[in-house]
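Below is one structure, written out as structure tokens, with a few remarks after it.
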2 protein chains.
Amino acid sequence: MNAKTSESTNPHTAAGKGEELAQAAFTLFSTRGIDRVNLDEVAAAAGVTKGSLYWHYSSKKAVVLAACDLYYLRWRAQISAATDSCAGAYATLEAAVAYSVRSCLLDDANRVFSTEIVALSLYDTDVRASWAGFLDETQRYFLGLTHQAVGSGELVCADVDRAVDLMVAAMEGIKQIALFQPQICGPQSEQRTCIRLMSLLGSQQER
Amino acid sequence: MNAKTSESTNPHTAAGKGEELAQAAFTLFSTRGIDRVNLDEVAAAAGVTKGSLYWHYSSKKAVVLAACDLYYLRWRAQISAATDSCAGAYATLEAAVAYSVRSCLLDDANRVFSTEIVALSLYDTDVRASWAGFLDETQRYFLGLTHQAVGSGELVCADVDRAVDLMVAAMEGIKQIALFQPQICGPQSEQRTCIRLMSLLGSQQER
DNA sequence: CATCAACTGTACTGGTCAGTATGGAGTTCC
DNA sequence: GGAACTCCATACTGACCAGTACAGTTGATG
């Protein structure tokens with residue numbers, strides 16, 4: 001009960017050990033899974049020991065939640081990096097879908113981490129709430145872009161809300177199924193997947 | 001190394017303790033998760049002790065794989081029960097999708113078990129191979145029905161293979177997302193989800 | 001210099017649990 | 001009747017690991 005609580009919920013010491021521990025935890029969790037990584041390893045990967053880790057975080061669950069927050073931050077940074085050179089809502093939407101598909105199919109760390117968190121969410125309401133917020137954020141992100149693309153006449157879609165729902169669900173499903181069908185991870189399949197997902201959002205209008 | 005191997009791979013003693021242990025394991029695993037259930041509990045739920053369990057199964061992993069096989073058996077039984085009164089490929093397809101959506105959205109045990117197995121598949125190649133076979137079976141099931149419906153003129157679909165791929169992926173995604181959006185589990189939403197998924201397979205032809 | 005707070009390391013505890021060792025009970029078959 | 005096999009229970013081991021106790025160390029501040 002030191003500064004633990006404020007640290008884990010509000011890591012104001014940006015590049016401090018708290019942050020470094022969260023990064024080490026994320027790296028380990030997303031390669032070997034949460035249950036298979038102990039906090040001694042996390043601490044060691046950050047260059048400290050468990051005694052120090054427990055000063056920054058009150059429990060393993062707090063470490064997991066910090067790793068989640070880091071994952072969200074990185075998603076935001078990467079999705080905006082993948083789309084910042086795009087002009088127009090439709091092009092942005094295409095780039096965002098392309099980035100998401102790529103990370104679903106090729107980024108093992110992404111798959112491992114999200115699968116682990118989903119499994120944890122079955123039993124832990126805090127983790128579930130955290131991940132639900134993130135899912136909601138991504139959904140709203142795609143929803144906003146799709147509405148923009150429809151508004152600008154680049155896209156025609158009868159029911160944007162449901163279309164985005166379905167597209168996001170399909171994306172999650174593809175991420176999961178890719179683990180069992182590695183053959184769908186090739187570049188040509190990746191592109192076809194993007195086209196299929198985009199078609200769920202409506203039909204593109206020529207100018 | 002007793003009769004363990006033959007038992008776990010070929011449970012010929014149909015209603016024996018081996019089967020009963022697998023059922024107990026499935027029930028426990030699909031409510032509390034695999035890591036959170038120990039083999040003493042599994043044995044106790046089947047009315048025996050761990051010593052007996054280890055005569056029937058060589059390891060916890062063997063118990064998990066037996067529970068998987070039980071899950072596959074039950075899926076086959078339930079999907080055929082849900083469709084056996086249907087006349088025609090399209091009606092069968094509709095009923096199969098409706099059953100799958102219902103079990104995705106409302107059946108917690110189904111969600112917990114499959115999520116746990118997917119998470120385990122990240123690290124265990126045997127479990128992954130087992131689940132991959134099941135995914136392949138379900139995919140081929142929907143593929144066969146869709147081809148039939150197209151062949152009989154009830155359905156029009158340009159690319160059946162890709163359409164089924166996408167529909168199955170969307171179904172998996174919906175199952176996962178439902179954990180975080182309980183509001184989509186209502187009956188009216190369930191029906192809309194079915195219609196949406198069916199529309200992925202093509203457009204129905206009036207007779 | 002004394003004091004306090006931030007931070008870290010070492011060593012330990014307590015609980016959990018997969019897997020093992022072993023000694024049976026019941027049955028079958030020679 | 002005894003040998004062999006099937007099935008089961010009791011008791012134990014050994015490893016793992018989250019969390020705790022506590023004693024530093026460092027640096028800022030009055």
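Note on naming: letters A, B, ... go to the chains in the order of the sequence lines (proteins, then strands), and numbering restarts at 1 for each one.
Side-chain proximity of A:S59 to C:dG19, C:dC17, D:dG19: nearest is D:dG19. Counting only heavy atoms from C-beta on, B:Y54 has its side chain closest to C:dA18 among D:dT6, C:dA18, C:dC7. The side chain of B:N38 approaches C:dA18 more closely than any other nucleotide in the set D:dC17, C:dA18, D:dC8.
Against DNA chain D, the stretch residues 44-52 of chain B makes heavy-atom approaches under 4.0 Å through B:G47, B:V48, B:T49, B:G51, B:S52. Taken residue by residue, residues 113-126 of chain B places no heavy atom nearer than 4.0 Å to DNA chain C.
Annotation: A:W131 is in aromatic contact with A:Y71 [ring centroid separation under 6.0 Å].
Put simply, CG on B:L166 and CG on B:D161 are 12.5 Å apart, with the number rounded to the nearest 0.5 Å.
Between the C1' atom of D:dA18 and the CZ atom of A:F29 lies a distance of 12 Å, rounded to the nearest Å. The nearest whole Å value for the distance from the NZ atom in A:K60 to the C1' atom in D:dC17 is 8 Å.
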Please list each protein N or O that sits under 3.5 Å from an N or O in nucleotides 24-29 of chain D, with the distance.
none

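A ring-ring contact (aromatic ring centres under 6.0 Å, His included) with B:Y72 is found for one member of B:F134, B:Y141, B:F26 and no other, namely B:F134.
Looking at A:K175 and A:R111, their side chains come closer than 4.5 Å, going by heavy atoms from C-beta outward. Using a 4.5 Å heavy-atom threshold, the side chains of B:F142 and B:M171 count as touching.
Within the 4.0 angstrom heavy-atom criterion, only backbone atoms of the sugar-phosphate kind lie near A:V37; the bases stay farther away.
Between A:H56 and the phosphate of C:dT8, there is a side-chain N or O to OP1/OP2 separation shorter than 4.0 Å.
With hydrogens and angles ignored, the 3.5 Å screen pairs a side-chain donor or acceptor of B:T92 with a backbone N or O of B:G88.
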Exercise answer: donor-acceptor pairs, residues 31-46 of chain B side-chain atoms, under 3.5 Å, sequence neighbours excluded:
{"unit_1": "B:T31", "atom_1": "OG1", "unit_2": "B:T27", "atom_2": "O", "d": "3.0"}
{"unit_1": "B:T31", "atom_1": "OG1", "unit_2": "B:L28", "atom_2": "O", "d": "3.1"}
{"unit_1": "B:R32", "atom_1": "NH1", "unit_2": "B:E41", "atom_2": "OE2", "d": "2.9"}
{"unit_1": "B:R32", "atom_1": "NH2", "unit_2": "B:R36", "atom_2": "O", "d": "2.8"}
{"unit_1": "B:R32", "atom_1": "NH2", "unit_2": "B:E41", "atom_2": "OE1", "d": "3.3"}
{"unit_1": "B:R32", "atom_1": "NH2", "unit_2": "B:E41", "atom_2": "OE2", "d": "3.1"}
{"unit_1": "B:N38", "atom_1": "OD1", "unit_2": "B:D40", "atom_2": "N", "d": "3.1"}
{"unit_1": "B:N38", "atom_1": "OD1", "unit_2": "B:E41", "atom_2": "N", "d": "3.0"}
{"unit_1": "B:N38", "atom_1": "ND2", "unit_2": "B:E41", "atom_2": "OE1", "d": "3.4"}
{"unit_1": "B:E41", "atom_1": "OE1", "unit_2": "B:N38", "atom_2": "N", "d": "3.2"}

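With salt bridges taken as basic N to acidic carboxylate O contacts below 4.0 Å, none links A:R140 and A:E137.
Sorted by first then second residue, the salt bridge (charged side-chain N to carboxylate O under 4.0 Å, His left out) pairs that include residues 77-102 of chain B, not counting sequence neighbours, are B:R102-B:E190.
Under the rule for a side-chain contact (heavy atoms from CB on, under 4.5 Å), the partners of B:T193 that lie at least two apart in sequence or sit in another chain are B:V101, B:I174, B:S189, B:L197.
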